[in-house]
Structure formats: C-alpha cells, structure tokens
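Residue numbers begin at 1 in each chain, while the letters A, B, ... track the order of the sequences. Here the structure is a predicted model, which means the values were calculated and not measured.
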2 protein chains.
Amino acid sequence: MNYADQEAYMRECLSLAAQAIGDTSPNPLVGAVIIKNDKIIGKGYHHKSGEPHAEVEAINNCNESVEGATLFCNLEPCCHTNKKTPPCAQFLVEKKIAEVYIGMLDPNPAVAGSGVELLKSQGIKVHVGILEDQARELNKVFIKNMASSLPYVHVKWAQSLNGVFASYPDQDRLMLSNNDSLVYGHKLRKKYDAIMIGRETLNLDNPRLNIRYVDNQSMKNPLKVIIGDYEMMNKESTLLKSERAMTVIVTSSKYEKLIHDNVLFSDAQSIKEIFQALKTKFGIQSLLIEGGMKLINSVLSENLADEISVLVSPEIKQGKVFKLEQNLNQYKAQSKTLGNNVVFEYRKI
Amino acid sequence: MNYADQEAYMRECLSLAAQAIGDTSPNPLVGAVIIKNDKIIGKGYHHKSGEPHAEVEAINNCNESVEGATLFCNLEPCCHTNKKTPPCAQFLVEKKIAEVYIGMLDPNPAVAGSGVELLKSQGIKVHVGILEDQARELNKVFIKNMASSLPYVHVKWAQSLNGVFASYPDQDRLMLSNNDSLVYGHKLRKKYDAIMIGRETLNLDNPRLNIRYVDNQSMKNPLKVIIGDYEMMNKESTLLKSERAMTVIVTSSKYEKLIHDNVLFSDAQSIKEIFQALKTKFGIQSLLIEGGMKLINSVLSENLADEISVLVSPEIKQGKVFKLEQNLNQYKAQSKTLGNNVVFEYRKI
C-alpha cells in the first residue's frame, strides 16, 4: 500500500477516534478501519470506558468476512487482560486479519510493544508509526497519565487587552467574550475530566462549569473541583448547592467533621500533591484550571501546566489586572483569531 | 459589460494604484486601465505628485488608438487646472474615450462630480460606484484630508501579553517582535507621510524611524516628528544628529532662539492644534504615532486617532505596564495573527 493511502486511512482512524474526545477517560481515544480490496469495509471507535475497543467495533461493523483484511488503528492493539474488555490483539488473530497499520505504540507499560509482538508472532504483518505525531497529539492526555503520577493540566484564562481578568457573571462575560471565545472555552471543558477553580472565583462568579455552546451528545457533565478554605466558600453557590454531587472540595483537614463526601482533605503546601491525590482518589486524569489568579499563579509557579490558553479581547477594561508571577519562557506559543478576539496557546517545550 | 468584468477591471485599477502606497502624498492613489474589444490595451497608475496621472499614463501606454475605448479608474478624473498636471477629463475627451467606469467621485471640492459632468457633457458614457467601498478604503487618507483640517492619524504600539510596552532598542525589539510583526510595523511606516514620537521615546530608544524589512523601491524616508521639551531631548540621538534634515521638532516657543529649521513652536495645550499646524506647515497629511505612552494617551484622549494597531506578543515581560486612560468603545476592532504574535486593528466607528 502506498504512503498516501496509508495516511488517508490513518487520518480516518484519527477522525473517528476524535468523535469521543472527552468521553473515554481513563481510556485513550482510538479509531479503527478495516480495508479489503482497497475499500473500507468497516469502521469503529472507542466510545467510552467499558464499551468495546475500536478494533472490535470496526470488525463487528463489517458486513463481510475480515479474513485476510488489513486493519488500521491509531494506537497499538491491546494484549493485557486485567481490564473490562478482552484483549484486541488476540481477537485480530482469531479473525485472521492479515496486516495491521498502527499510529503509535501503546504507552501503557502493560502493552508497550507486546501487542505488536503478539500479532507478529502469529504471522500478521505489522507497520508502526503512520501519522505518529498526530496520533500522539490526539492522545496527549493518555500519554501523560501513563508516564506520570500527575494528571494532564490545562490552564485557561480570559483577559482584556490591558490584562484585566475576565470573570464569569453573565454581564461581564458578555462584555469580554464573543461567541467564538465562548465556544472555544466550552470545547475545552468538554475535553477534560474535571474543571478546577479557587474559592474566590466560586464566591465572586458563582460559575456553573458545565458544557454549553458546543455539541455535547454524550451529555458530559465534568467534575468540578473547588480549592480553598471551606468555611469561606459560598454555600449558596450553584456548585455547592445543586451541583454538589459533581463537585469535589479540596480543603483543610480541620473541616473533616463538616464534610463527608466528595472531599479531599489536604494541608499540603504544594499543588502538585493535590493534583496527584485528585488523580488517585477521583480518577481525574485531565484537569482544566479556570482561575482565579491565585490558583493559576500557584499552578504555573510549580510548573504543572502542560498547556495554557489565554483569550484576549480587544477591549480596555477597568478592574484588577492579572499579574502573572512567572514568565512563560518554558512554553512554545502560537496564536489564533476567535472573531475579533484572539487566543494564545502555549505548550510546554 | 457585465458586473463581473466591471469588478475585475476595477480590481486591476485598485491593485495598480496600490503599488504607489506611501509615495503619492498629497495626491490620491489612482490606477487606470483601458479596454478595447474586451482586452486591456493599456494600464497606468499615479506614481508620485508631479508625475502623470493614472489616466494619462494608461493612455500613453497603449500601443493602439484609444478612440472608442473604455477607461476604468478608481477615482473620478480631475477637471481642475490649478495644479501641477493638466486636467484628465479634458484629455479623455480629446482622445475620444467612449465610456468611463469610476470607483468613487473625487472628494476634492474642486472636482467632486464636475469631472463626471464634463465627460457626460461631451457624450462620454459614465458609470460611478464600481467597488466603491474598496476605492474609499484605498484612499482613506486622501478622503480624510479633503474633509478635515487634520491629517489622518494612526496610533501603533506593541506590548507583551501582560501589557508591558515594547521599546525600540534592538535587544528589546528582538524579544518582543517576531519577523511578521516587524514587517507589519514597517509596512505601516511606508504608508505614512510622517512618524511621530515623544521626547522620552527619543531618549530611551534612540529609534531611526526609517523603513526596513519591506520593499521600499521608492527609497521613501518618512519625515520624523519629535514632540517635547527641546532642552531635554538627547542631541546625540540619531534623529537629532544624522537625520536632523528629515526631523521636525515640536517644542515650546521659549526655544525660538535655539532652533531655526524644521521646527514647530507651539505652546498649545491640545495635540489637535499641533496636528493642524503640522499639516499646514509641513504638508503632513498622514501621521503614524509610535509612542510613548504619554503621547498616545494624549492623542486618544483628544479622540484624534483614525486607526489604532496594537501588536501583542505571547510573552510575559517585566517592565512598565501601558496604562491606557481611554476605553476603545468608539472603535470597531478586528484581530489578525502575525506568526505567534497578534495585532488588534481598530477603526473609528
């Protein structure tokens, strides 16, 4: 098969996989297509943890025998058995798939090449590294989580041209965000397991931290995390009243007698330990930090952000100017327009 | 002729005219094409004040007779005689041009429709308003100057994400501007008659205010204007030493005995009066204000800017934060990317 066809099929896998962005945690995003006689005879993707893997869905979606067919898949087929679904590599062998094209090896130490080994040992031809950069980009959250005790962390804020921090109340939001910026912000929310804010932002803005303005077919409602002194949190806020079941409170252990569910007691000085605990205790593999300034400065000063998005509007506003204590030299930046707003997107170098 | 052809020929005029951007002051930008038997038989544009008008150049560039031909021109042909070149409308009549398509009427009160009248009175068919918006945009400086005692004013500054003002010294410029931003800034310089800075910027940055990084075939070297207390200006700066002949000093009349050439003595409190005097005395019809903050705030507080360009880099810098005393509500903004920098462009509503 020539390179152009290989890449075209792999692009189809990536685009299938991307349909489940935000829905598969803690699993990776995977898409698969089955090719026979130069035609796609089946497609599939992993929709959500506990549901079939992409390879299985693609094979099951075929209306003809897959014997001798070629499978494309952006991630190495799994071969480990300590999980909700049976291993895919074995399934491909059983179904007599003849050739497999893979975007990237599975960074999961339980797989990490042994899926490929199993396929090869059964006489299946295997090619690894088709559109590998794109495959890695798509599963950046999964890769980080496999390699680290920390979740993948994305910091986001919006500011006016003169650095005045945007807050959430509807009247302010309307002043600072155009529709493209709102869509951008809610697309981010859809991607992450949880959204975290500080106590002052809770009280000042009373945000809902849900997903609006974008397609949310899976009805995802991300976890919300509030950090700060519990006593000072506004108990009448939306998150602590109607959304309490989806809200984790991170606060001092001195409130152990007051709070019983969805709470992480921590007297740690470092945000790093808190992020690790949020991952261990609540399975949070990806975290969007939406403010305020104090929390953002803590996260950045501990060098914990994998990505940063700063939305800038062309307005001059009166208000508190956001003072960042760090430079951002350890990040590579790019810019995009969002209507007449812009976003600077930073990735850790 | 159908609309698509009319617009295609007018686009050609606009693009010819635009080749002389920055070079024609105080004249407008004008391009012309001559059509015969559905083919362009001649093109021309106005290169510079004192040189032939576009219509004349286009006709002279034809290798065949223009009798019965159609002329396209983004601005109404002139009919006034108190100027360096003979009137074009009369020339078109003499050359027996049959039909004329015009982008916009000449806002010059000495023409303003009478060019069209003259053509019509001689039996030439005339159509006005082809791509008029684009024609007006191209000649916004000329239009403003015909309607106002003020020059067209464009304010530009560059800042980091956190609002720290960029200054000129090479080391700082390199930190704050990528190549696309530099090209953007020098393209602006090429468009304007003069570039103005305040005394503090002169002393701190010692800028050259010349045109680099962009095509400058006409070798344009814009006038430079420095405003402030003469005694406090750095006499060793490039502008006051090697570029003194191209530099106008705006300062208090108490220095009348010290400075003799290229000077505007003004004790006016308002920048408006100074702009008017710069236009009257030095023929400055368009002015690019490049800083510092004090001058920019004065210009904006008197509501004198027709356009504003703010370049923003994704960096966090230590330094003086630019405090704008005005909001920019009376402007319509758009944003563009310049590599990983952005520019917000504001136009007065």
Side-chain angles (χ1 to χ4, degrees), chain A residues 155-166 175-181 184 293 296-297 300-301 303 305 307-349, chain B residues 155-166 175-181 184 293 296-297 300-301 303 305 307-349:
Chain A
V155 168
K156 181 223 147 192
W157 76 87
Q159 64 169 63
S160 67
L161 177 69
N162 60 329
V164 171
F165 204 72
M175 286 196 292
L176 265 175
S177 295
N178 62 15
N179 191 61
D180 292 349
S181 293
Y184 182 93
M293 303 180 202
I296 288 175
N297 269 318
L300 294 181
S301 68
N303 200 20
E307 283 187 63
I308 306 168
S309 294
V310 185
L311 291 103
V312 185
S313 87
E315 289 144 305
I316 300 291
K317 289 285 170 198
Q318 301 311 310
K320 220 170 174 179
V321 169
F322 182 48
K323 282 221 189 299
L324 206 61
E325 289 153 16
Q326 310 296 308
N327 66 40
L328 299 174
N329 294 346
Q330 68 279 39
Y331 292 87
K332 188 170 162 22
Q334 63 175 3
S335 65
K336 291 180 189 163
T337 57
L338 296 168
N340 74 356
N341 290 10
V342 300
V343 59
F344 288 111
E345 296 180 330
Y346 301 79
R347 286 290 284 272
K348 203 176 260 181
I349 296 168
Chain B
V155 167
K156 180 223 147 192
W157 75 86
Q159 64 169 62
S160 67
L161 177 69
N162 60 329
V164 171
F165 203 73
M175 287 196 291
L176 265 175
S177 296
N178 62 15
N179 192 60
D180 292 350
S181 293
Y184 182 94
M293 302 180 203
I296 289 175
N297 269 317
L300 294 180
S301 69
N303 200 20
E307 285 187 61
I308 307 168
S309 294
V310 185
L311 292 103
V312 185
S313 87
E315 290 144 304
I316 299 292
K317 290 283 169 199
Q318 301 311 311
K320 220 171 174 179
V321 169
F322 182 48
K323 283 220 188 301
L324 206 61
E325 286 151 17
Q326 310 297 308
N327 66 39
L328 299 174
N329 293 347
Q330 69 279 41
Y331 293 86
K332 189 172 161 26
Q334 62 174 2
S335 65
K336 291 180 189 162
T337 57
L338 295 168
N340 73 356
N341 290 10
V342 301
V343 59
F344 289 111
E345 295 180 329
Y346 302 79
R347 285 290 282 272
K348 202 176 263 181
I349 296 168

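With chain A as the partner, the residue from Thr337(B), Asn162(B), Leu328(B), Val310(B) showing the most heavy-atom pairs under 4.5 Å is Thr337(B).
The closest side-chain heavy-atom distance from Gln159(A) to Leu161(B) is below 4.5 Å.
Exactly one residue among Leu324(A), Asn329(A), Leu300(A) makes a side-chain contact (heavy atoms from CB on, under 4.5 Å) with Ile316(B). That residue is Leu324(A).
Lys332(B) does not touch chain A: none of its heavy atoms, backbone or side chain, sits under 4.5 Å away.
Below 4.5 Å, heavy atoms of chain A meet heavy atoms from Val342(B), Phe344(B), Tyr346(B), all part of residues 342-349 of chain B.
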